[in-house]
Number of protein chains: 2
Amino acid sequence: MQYSDNIIDALSIDCVIFGFKDTQLYVLLVKHGIGPTLGQWALPGSWIRYNESIDAAANRILSSQTSVGDIYLEQFKTFGDLDRFPARRVITIAYYALVNIEKFELHAGPTEADVQWFKVWDVPTMPFDHKTIFESCLSFLKHKVQHEPIGFNLLPPKFTLLQLLELYEAILNQKLDKSNFRKKFLKMNLLVDTKERQQDVSHRAATLYRFDENIYNKLLDKGFVFEI
Amino acid sequence: MQYSDNIIDALSIDCVIFGFKDTQLYVLLVKHGIGPTLGQWALPGSWIRYNESIDAAANRILSSQTSVGDIYLEQFKTFGDLDRFPARRVITIAYYALVNIEKFELHAGPTEADVQWFKVWDVPTMPFDHKTIFESCLSFLKHKVQHEPIGFNLLPPKFTLLQLLELYEAILNQKLDKSNFRKKFLKMNLLVDTKERQQDVSHRAATLYRFDENIYNKLLDKGFVFEI
DNA sequence: TAACCTTATAGTTTATTTTACCACAAGTAT
DNA sequence: ATACTTGTGGTAAAATAAACTATAAGGTTA
């Protein structure tokens, strides 16, 4: 075993970390600083240790790229084709994270040369099956945001309805009607009016809203189903 | 390594195999014939071999319980809590299958004492985290059948609209309006009228329909989205 | 300061879909 | 022949979604 003795050498974790800024959806990639894939951009990943759950392992990887905790992170899919990893048989469990890009301070880990955000429609070639994992994850996200209120994790805690609209447009890759989008969201009673306004904008300031997990859970109990 | 040398000993596969018959949804369980869990009912599972992909491994497990091929099988989720397996650290990849219960000839594998269908609302206690996996899978299926036309895999190739209705009622665990259900499905143009009728029923015979994968794919290309 | 941007926000109107029923058809059983 | 069961087509009302219009609320600029 070439890396460490207390890892499961047939199993790794890879993370697709999404961020959003100015109408653009981004994914975080790391540039490998050692090994045969040196210099290549890839999904952040690592081995799973014997004494940590797979969720814990995914969280550890996320923490190693940033200083912010409490991030939306969920398992996505496991990839286990025979030839996906060249050196030996390795199966990888893919996770995806949704982060507020503003609060996300990047720092490369010890084996990484660089960390950078890439627009999701313009990612570089990646080693192994990372491109497959990423694309599969992006289409998964596209589906997911329409059925569960998770998009907020990509925005600041307080956001405007236009930001939310632009987020959905970025993920779904299509234009949406502003007025109808507002109505649909407000009608759900999922968003809380913070009574605050946008600052420093050169036009009429919009109301800031926030998403409240508790309200969502109460709605769920009443049989509410989130749909966009 | 206690079982074999050419397996990955930290990784297993478990299958949740669903079947449907007479308004009831079933799950297939095996009774362990050896080892510390002897006599207990559990999800069919096995180790992954070094020279097979995880999809191939799942198919192998499925084949070992039956003689029918070409079965709907999909990866569902990976479970990797620290204490999920008592003897040592084992992470399991859960798959789920949808089968036509009529064509499914059961036979217990070499290490199994028995194989049996259980009603999903009445499953026995199971070892490890199999109950968690099963319940998580059932709610996943509930969600999935509403967004993808996969339910047909649980029915015979030719089926009536009432059978389809009852299937959905069983999975969603709720009553549906017969007339509206018919209309919704027929309007999709997803079902092909076989021009055949039910045989040997003591009432007006219903039309038999079949699901055509090719038609579905063509509809998909045109932007069709399956929704129940 | 008034005209003019830009974005926010509140309708309105029309089309479409869903829901809750109803009525009759087509068979079998008595 | 009549009753009973399930199949099948339809309608009317209600709810939703889509397309579009109008006006408000700022800041910017001539």
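Please read these numbers as outputs of a predicted model, since none were measured by experiment. Side-chain atoms are counted along with the backbone in the values below, which use heavy atoms only and exclude waters and symmetry mates. The chains referred to below are lettered A, B, ... by the order of the sequence lines, with proteins before strands, and numbering in each begins at 1.
No engagement by A:Leu161 is indicated, since no non-hydrogen atom pair under 4.0 Å with the nucleic acid exists.
In this structure, A:Lys178 does not reach the C:dT7 phosphate: none of its side-chain N or O atoms is under 4.0 Å from OP1 or OP2. OP1 and OP2 of D:dG7 both lie 4.0 Å or more from every side-chain N or O belonging to B:Thr207.
Checking A:Tyr216, A:Phe211, A:Phe20, A:Tyr168 one by one against A:Phe152, the ring pair (Phe, Tyr, Trp, His ring centres under 6.0 Å) holds for a single residue, A:Phe211.
Between the CZ atom of B:Phe181 and the P atom of C:dA20 there is a distance of 16 Å, rounded to whole Å. The nearest whole Å value for the distance from the CD atom in B:Gln174 to the P atom in C:dT19 is 10 Å. Across the protein-nucleic acid pair, A:Phe185 atom CZ and D:dA17 atom C1' stand 16 Å apart, rounded to whole Å. Atom P of nucleotide D:dT16 and atom CG of A:Leu186 are separated by 16 Å, given to the nearest angstrom. Between the P atom of D:dA18 and the CD1 atom of A:Ile228 lies a distance of 11 Å, rounded to the nearest Å. The CG-C1' distance, from A:Leu176 to D:dA17, rounds to 13 Å in whole Å. The distance from atom CD of A:Gln163 to atom P of C:dT7 is 14 Å, rounded to the nearest whole Å. As a whole-Å value, the separation of B:Gln199 CD from C:dT28 P is 11 Å.
Of the possible donor and acceptor atoms, one in the side chain of A:Glu169 sits under 3.5 Å from a partner among the backbone N and O of A:Leu176. Judged purely by atom type and a 3.5 angstrom limit, B:Asp177 uses its side chain to pair as donor or acceptor with the backbone of B:Asn180.
Listed here is the closest heavy atom pair of B:Leu106 and B:Val115: CD1-O, 4.0 Å. Here the closest non-hydrogen pair linking A:Leu219 and A:Asn189 is CD1-O, 4.0 Å.
Rounded to 10 degrees, the angle separating the terminal helix axes of the helix from C:dT1-D:dA30 to C:dT30-D:dA1, each built from five base pairs, is 10°.
Ring-plane geometry between B:Trp117 and B:Tyr26 is classed as perpendicular, the angle between the planes exceeding 60 degrees on a 0 to 90 degree scale with a lower cut at 30. A perpendicular orientation is assigned to the rings of A:Phe226 and A:Phe224, their planes being inclined by more than 60° (bins at 30° and 60°).
Contact check for A:Val27 versus A:Leu138: no side-chain heavy atoms found under the 4.5 Å cut-off.
Residue-environment remark: NZ (B:Lys21) stays at or below the threshold of 12 foreign heavy atoms within 6.0 Å.
For the pair A:Lys184 and B:Tyr209, both in contact range of DNA chain D, the more 5′-proximal nearest nucleotide belongs to B:Tyr209.
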(message) Across nucleotides 20-30 of chain D, 5' to 3', mark each nucleotide with B, S or - according to how protein heavy atoms within less than 4.0 Å reach it.
(response) B---BBSSS--
